[in-house]
Amino acid sequence: MWRRFLIVAVLITAVSVFISIPTFAVPSGTLEINSWWTAGGEAEGLKALIDLFHKKYPNVKVINATIAGGAGTNAKAVFKTRMLGGNPPDTFQVHAGHELIDTWVIPGYMQPLTNLYKSEGWTKVMPKGILDIVSYKGDYWSVPVNIHRANVLWYNKSVFKKYKIKPPRTFNEFFAACKKLSSEGIVPFVMGTKDGWEAGHVFETILIGKLGAHDYKGLWTGETKWSDPRVTDALETLKAIIPYINTDHSALTWDEAGQYLLKGKGAMMIMGDWTNGWFMSVGFKDYGWAPTPDTGGVFDALSDSFALPKGCKHPENVIAWLKVLGSKQGQHDFNKLKGSIPARTDVDISDYNDYLKSAAADWKKDVIVPSVIHGAAACEGWATEYKDAINLFISRPDVSYTQKALIQAAKEYLGS
Amino acid sequence: MASILFITPSIVAVIVFVYIFIGWTGFISFTKWNNVLPNYTLVGFRNYKNLFANMRFQIDIHNTIVFTIVFVSSCLLIGLLLAFLIDRNIKGEFFFRNIFLFPMAISFVVTGVVWHWLLNPGSIQLGSIGINQLLDKIGLGFLKTGWYTDPKIGIIAVAIAAVWQFSGYTMALYLAGLRSIPMELREAAAIDGANQFQIFRYIILPFLRPITFGAIIILGHISLKIFDLVVAMTGPGPGFSTDVPALFMYDTTFRGNHFSQGASIAIILLLMVSLLIIPYLIYTSRKEART
């Protein structure tokens with residue numbers, strides 16, 4: 001009697017283990033994808049990925065749950081509420097780097113994807129720079145779909161041609177250009193600061209320009225002190241830029257500010273290379289690009305990735321989704337539309353536009369540094385304090401006060 | 001006995017979903033929960049101390065005070081004025097009453113988006129839009145300002161939008177008050193030789209006092225908790241000039257993962273609202289005891 005009972009129990013356990021192994025199940029049901037890709041090239045890229053997913057897994061119904069808001073502020077709030085409430089979305093967009101590791105992996109909300117990386121061969125086709133920032137304690141935790149560059153200076157070609165200005169490589173050239181343009185009634189430097197993070201984005205590229213790749217990275221590990229005179233210099237530089245910014249910057253988001261460039265009323269803008277996707281989606285072709293002043297040879301990188309939360313409802317569908325994301329086809333289709341480059345280095349990008357080809361070439365040879373405002377360089381708490389300090393600086397350009405605030409924030413998060 | 005049975009579910013719901021959650025938030029504000037993983041280590045008043053030393057929070061408190069004063073006083077004045085005009089038994093009273101009351105039916109987010117464009121600063125290069133454009137067209141271009149992008153008056157520009165939305169509501173309150181004043185009192189005063197101003201000062205205003213009191217409470221707690229209007233209209237603004245505590249609370253909790261700091265801001269907001277509500281509760285309970 002007892003033996004029969006035991007056998008049945010063992011059988012039941014075996015069967016349930018078998019069923020619970022996600023890779024064995026045929027994907028069906030639903031898959032809820034959460035992201036903040038609501039507009040322009042981003043939304044088109046996401047749609048291309050979902051179409052590709054549909055072709056491979058026609059039985060899965062995709063719920064494309066997007067939440068608007070630049071840099072994902074609102075979307076992240078929703079993810080956090082759901083994760084803490086024990087109702088995680090199937091998969092969600094997260095910046096690779098500290099935002100992924102510090103916020104989600106270390107507290108134990110994620111499932112490792114190391115086996116998937118091995119079975120799909122991703123460890124061989126993604127560069128070390130990106131593998132490093134999605135790994136923690138020897139495991140991989142998310143699948144990067146794209147690489148973006150933050151330190152790009154965009155300019156209106158016709159405006160530059162008309163006033164005989166060359167793309168500035170150094171800050172001296174940059175300020176000379178600003179002076180000339182402003183005397184011609186053109187807005188030299190276009191910015192939209194409504195969402196609060198854009199100034200921090202610009203300042204991060206100035207920091208890289210002033211400190212160089214190595215020492216900039218050191219700011220986030222404690223190797224470089226925030227009291228460094230070069231940080232002071234960077235703040236002075238940002239202060240010097242302020243008079244050249246469009247006066248209505250705080251009423252505009254970055255893409256609304258981009259209208260100045262489109263209409264030939266503004267000349268330059270520092271923004272990540274999603275701007276390229278945005279230019280494509282609005283049909284603007286008259287733009288040129290260069291690394292931001294004094295950052296030639298440095299690639300200020302960020303990456304969007306998707307991960308597998310613990311306790312999500314359809315893990316087998318998420319695995320299928322991640323496979324599509326990491327596939328050559330998926331990376332190719334998505335990035336072509338979003339205006340970013342594939343994280344994989346073996347994707348054929350000969351049909352990409354000129355900017356993306358140049359970015360892909362730089363990705364292979366440049367020194368790679370992580371972006372802070374986009375979650376790669378520091379944990380979210382620190383990045384938020386950094387953002388607030390710089391946002392305040394734009395209307396109250398007090399160099400020593402702001403530097404003190406930055407030193408204080410570093411102390412709090414590095415504990416030194 | 002049966003009546004107790006009927007109200008028990010709602011009492012339980014209020015205790016759980018209001019008071020227990022308030023208590024929980026209060027508890028969190030004394031911990032050092034600074035990541036998505038809860039950390040219940042108690043740190044005393046450290047979160048509050050850090051908060052009051054924080055430049056953004058200092059600006060927020062200042063903004064809240066300015067906003068509340070401008071918003072509440074403008075709503076009361078405009079509401080009273082409109083109510084008087086409508087009380088004159090004008091033609092089309094129904095029409096005007098609804099026109100003024102209409103903004104109340106719109107959500108703050110819609111108001112915010114509309115006023116974001118109406119009070120847009122514009123620029124020399126791209127031209128002006130909204131009210132600045134109107135000023136240009138009627139030859140008053142010198143009156144143009146940056147509105148909510150001007151750090152000095154930013155929060156007042158936000159208050160203008162809020163006043164637009166709520167002065168009609170205040171009008172409705174006052175109108176109800178005016179209509180409840182017995183006609184005989186005014187007539188008696190007029191027969192006794194009181195002029196219009198004296199009737200207003202000694203008859204009407206005293207009657208409207210409880211309404212004013214109630215309106216201040218309602219408008220005051222709206223203004224202390226304001227969030228959606230600011231998010232839709234301006235965001236934190238240049239140098240946090242249109243930032244409010246609720247927005248900071250959202251930012252620090254969900255963007256910065258400082259759950260304990262967010263809880264401290266929530267508690268401070270609660271205390272500020274109680275400063276307003278508690279005197280009112282005492283006043284009404286005394287009045288009820290008297291009658």
Side-chain angles (χ1 to χ4, degrees), chain A residues 69 71-81 83-84 99 102-104 106-109 185-187 190 193-197 199 246-253 257 259-260 263-266 379-385 387-389 391-397 401-402 405 408 412-413, chain B residues 33-39 50 53-59 116-117 119-130 132 144-152 154 157 231-243 247-262:
Chain A
T73 318
N74 302 335
K76 286 179 203 168
V78 174
F79 305 159
K80 279 170 196 167
T81 318
M83 295 287 275
L84 287 173
E99 190 179 308
D102 289 11
T103 305
W104 299 119
I106 296 175
Y109 283 100
I186 300 275
V187 176
V190 173
T193 57
K194 187 187 173 213
D195 287 335
W197 56 269
N246 46 308
T247 47
D248 57 346
H249 62 87
S250 55
L252 308 174
T253 55
Q259 294 293 337
Y260 278 95
K263 291 182 177 158
K265 306 282 186 184
C379 69
E380 289 183 285
W382 191 357
T384 304
E385 285 191 26
K387 168 190 77 96
D388 281 357
N391 187 33
L392 192 60
F393 183 79
I394 293 294
S395 59
R396 297 186 190 189
Y401 174 83
T402 305
Q408 184 57 38
E412 195 179 320
Y413 289 97
Chain B
W33 181 1
N34 283 320
N35 201 338
V36 287
L37 196 67
N39 177 346
N50 289 346
N54 186 315
M55 177 77 124
R56 180 169 179 181
F57 191 69
Q58 291 166 5
I59 299 172
H116 172 77
W117 292 110
L119 295 181
N120 198 286
S123 65
I124 297 162
Q125 293 82 6
L126 289 185
S128 46
I129 51 175
N132 276 354
K144 284 197 297 186
T145 79
W147 300 112
Y148 56 82
T149 62
D150 182 338
K152 282 189 221 78
V231 172
M233 190 170 161
T234 66
F240 302 116
S241 57
T242 63
D243 200 42
L247 194 54
F248 185 25
M249 175 169 79
Y250 174 76
D251 221 18
T252 195
T253 309
F254 292 112
R255 189 165 176 140
N257 293 335
H258 294 126
F259 289 83
S260 53
Q261 192 181 40

Q: May I have the step-by-step check of side chain to side chain contact (heavy atoms under 4.5 Å, CB included) for A:K80 and B:N257, ending in yes or no?
A: CA-CA 9 Å; A:K80 279 170 196 167; B:N257 293 335; 2.9 Å; yes

Q: Side chain from CB out, backbone as N, CA, C, O: work out which of these in B:S123 comes under 4.5 Å of a heavy atom of chain A, or both, or neither.
A: both

Q: Enter the distance from A:D102:CG to B:L37:CG here, rounded to the nearest 0.5 Å.
A: 12.5 Å

Q: Would you give the length of the straight line joining atom CD1 of A:I106 to atom CG of B:N35, rounded to the nearest 0.5 angstrom?
A: 8.0 Å

**Q.** Between A:S250 and B:Y148, a side-chain donor and acceptor under 3.5 Å
**A.** no

Q.
Looking at every non-hydrogen atom in both residues, tell me the closest pair between B:G239 and A:S395 and how far apart they are.
A. CA-OG, 2.8 Å

Q. What closest approach, in Å, do A:K194 and B:P236 show between heavy atoms, and which atom pair accounts for it?
A. O-CD, 3.8 Å

Q: Pick whichever of A:M83, A:R396, A:Q259, A:E380 has the most heavy-atom pairs under 4.5 Å with chain B.
A: A:E380

Q: Can you sort out the partners of B:F248 under ring pair (Phe, Tyr, Trp, His ring centres under 6.0 Å), two or more places apart, ordered by chain and number?
A: none

Q: Ignoring hydrogens and angles, tell me if any N or O in the side chain of A:K265 forms a donor-acceptor pair with the backbone of B:L126 under 3.5 Å.
A: no

Q: Can you tell which part of B:I59 gets under 4.5 Å to a heavy atom of chain A, answering side chain, backbone, both or neither?
A: side chain

**Q.** Least distance between heavy atoms, A:P107 atom then B:V36 atom
**A.** CG-CG2, 3.8 Å

**Q.** Proximity breakdown for A:F79 and chain B, heavy-atom pairs closer than 4.5 Å
**A.** neither

Q: Nearest 0.5 Å please: distance from the OG1 atom of B:T149 over to the NE2 atom of A:H249.
A: 7.5 Å

Q | Side chain, backbone, both or neither of A:I394 within contact of chain B (heavy atoms, under 4.5 Å) | A | neither

Q) Would you find more than 12 non-hydrogen atoms of other residues, nucleotides or ligands less than 6.0 Å from A:L84 atom CG? A) yes

**Q.** Residues in ring pair (Phe, Tyr, Trp, His ring centres under 6.0 Å) contact with B:W147, at least two apart in sequence or another chain
**A.** none

Q) Can you name the nearest heavy-atom pair linking A:T247 to B:G122, along with the distance? A) OG1-O, 4.2 Å

Q | Contacting region of A:E385 [heavy-atom separation from chain B under 4.5 Å] | A | side chain

Q: Tell me, out of A:L252, A:V78, A:V187, who's got the most heavy-atom pairs with chain B below 4.5 Å.
A: A:V187

Q | Which portion of A:N246 sits near chain B, non-hydrogen atoms under 4.5 angstrom | A | neither

Q | chain B contacts, top residue of A:G381, A:A251, A:C379 (heavy-atom pairs, under 4.5 Å) | A | A:A251

Q. Checking A:Y109 against chain B: side chain, backbone, both or neither under 4.5 Å from a heavy atom?
A. side chain

**Q.** Closest non-hydrogen atom pair between B:F254 and A:T81, with its separation
**A.** CE2-OG1, 3.7 Å

Q.
Between B:R255 and A:D388, does any NZ, NE, NH1 or NH2 come within less than 4.0 Å of an OD or OE carboxylate oxygen?
A. no

**Q.** Flag side-chain contact, heavy atom, 4.5 Å: B:M55 against A:L392
**A.** yes

(Q) If only side-chain N and O atoms count, and only distance matters, is there a donor-acceptor pair under 3.5 Å linking B:N34 with A:Y413? (A) no

Q: Examine whether an atom of A:T103 lies under 4.5 Å from a heavy atom of chain B, and if so say whether it belongs to the side chain, the backbone or both; otherwise answer neither.
A: both

